[in-house]
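Here the structure comes first, spelled out in structure tokens, and everything after it is commentary.
Numbers here simply count residues along the sequence, with the first being 1. In this text the structure is predicted, and so the values were computed from the model without any measurement.
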Amino acid sequence: MNLAVMIIIWLVSVTPRLCDALDEDGIDYYSFADNDGNFEYTNVTNCTNDYCIPDEDYIELMVQHIFPKFTDWVLIAMHSVVFIIGLIGNALVCMAVYRNHSMRTVTNYFIVNLAVADLLVLLICLPPSVLWDVTETWFLGLKLCKAVPYLQTFEEDDKRLLQTTCGMETS
């Protein structure tokens, strides 16, 4: 026998299988079929997923894992309220300073800058954070995986610096 064929046979015999494909008589459906001296690995069960269960059950398992639980719905609702109130409140601050010329002071410009930074946090940081907290999976790709934490840190640091500057300017 060829050394490579012997190694393959040994690997198949010692490698644990992902599913137990034995029927009620104890017949192993994972086996080698000898076709004119050629060894081929055959899978009679035709498993289409990692658990060798019917596809409907597999999809149900995936839905149970990804679909939010009650506590996740509460988290989503609370974040949605913060998101809507934050958008409305920060937009009103920006509009008030823009429309009223007497409010265009240095301190109010700092407050508008803080409102814009808060809007960016709401728009850039909140949705991915909620998605990550609920699904415990990152769906947004590698580039956003690296960009979102950077933007979150940048936005929070920007808000701290603006608050410090406002405090120093009013003193």
Side-chain angles (χ1 to χ4, degrees), residues 11 15-21 29-30 41 43-171:
L11 281 174
T15 304
R17 297 184 179 102
L18 291 176
C19 63
D20 190 14
Y29 285 110
Y30 286 97
Y41 187 66
N43 179 359
V44 181
T45 60
N46 293 326
C47 291
T48 58
N49 54 56
D50 290 339
Y51 300 107
C52 285
I53 59 176
D55 287 339
E56 295 83 19
D57 295 340
Y58 184 73
I59 291 170
E60 184 179 332
L61 282 174
M62 293 297 109
V63 168
Q64 286 176 359
H65 179 70
I66 293 174
F67 193 74
K69 299 167 189 57
F70 176 74
T71 55
D72 294 333
W73 283 114
V74 171
L75 180 76
I76 291 170
M78 291 171 55
H79 276 85
S80 298
V81 169
V82 168
F83 185 79
I84 291 169
I85 291 174
L87 283 179
I88 293 170
N90 288 310
L92 287 175
V93 167
C94 294
M95 285 178 49
V97 173
Y98 175 74
R99 288 191 175 192
N100 191 351
H101 292 287
S102 65
M103 292 187 71
R104 294 184 184 180
T105 63
V106 175
T107 304
N108 287 342
Y109 281 143
F110 283 134
I111 293 172
V112 167
N113 199 347
L114 191 60
V116 170
D118 200 25
L119 280 171
L120 289 174
V121 168
L122 287 171
L123 295 173
I124 295 172
C125 301
L126 188 66
S129 296
V130 173
L131 182 67
W132 171 263
D133 289 342
V134 170
T135 62
E136 298 174 359
T137 305
W138 187 260
F139 293 111
L140 303 177
L142 183 62
K143 289 183 181 177
L144 282 177
C145 179
K146 299 200 183 281
V148 167
Y150 170 76
L151 290 172
Q152 287 175 339
T153 304
F154 176 75
E155 293 297 328
E156 292 301 320
D157 290 345
D158 183 40
K159 287 171 70 171
R160 282 190 208 109
L161 288 172
L162 283 170
Q163 288 173 347
T164 304
T165 307
C166 283
M168 289 176 19
E169 196 272 331
T170 56
S171 298

Is the shortest side-chain heavy-atom distance between [X] and [Y] below 4.5 Å?
X    : Y    : answer
S129 : H79  : no
L140 : P128 : yes
D133 : D72  : no
L131 : W138 : no

Closest approach of [X] and [Y], non-hydrogen atoms and distance?
X    : Y    : value
P68  : W73  : O-NE1, 3.4 Å
G86  : L119 : O-CD2, 4.3 Å
L122 : F83  : O-CE1, 3.2 Å
Q152 : C125 : CG-SG, 3.1 Å

* To do: Keeping the roles fixed (side chain from T137, backbone from T135), state whether a donor-acceptor pair exists under 3.5 Å.
  => yes
* Heavy atoms from other residues, nucleotides or ligands near CZ of F154 exceed 12 (cutoff 6.0 Å) ->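 Counting other residues, nucleotides and ligands, CZ of F154 stays at 12 neighbours or fewer.
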* Heavy-atom neighbours of F139 CZ exceed 12 at 6.0 Å -> yes
* Asked: Stepwise, does the side-chain contact (heavy atoms from CB on, under 4.5 Å) test hold for M78 with V82?
  -> CA-CA 6 Å; M78 291 171 55; V82 168; 5.7 Å; no
* **Spacing of OG belonging to S80 relative to CD1 belonging to I85, to within rounding of 0.5 Å** =>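 Between S80 OG and I85 CD1, I get 11.0 Å after rounding to 0.5 Å.
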* Straight-line distance of L114 CG to C94 SG, nearest 0.5 Å -> 10.0 Å
* Who pairs with D118 by side chain to side chain donor-acceptor pair (under 3.5 Å), at least two apart in sequence or on another chain? -> N90, K159
* To do: Just jot down the side-chain contact (heavy atoms from CB on, under 4.5 Å) partners of K146, sequence neighbours excluded, or say none.
  => L142
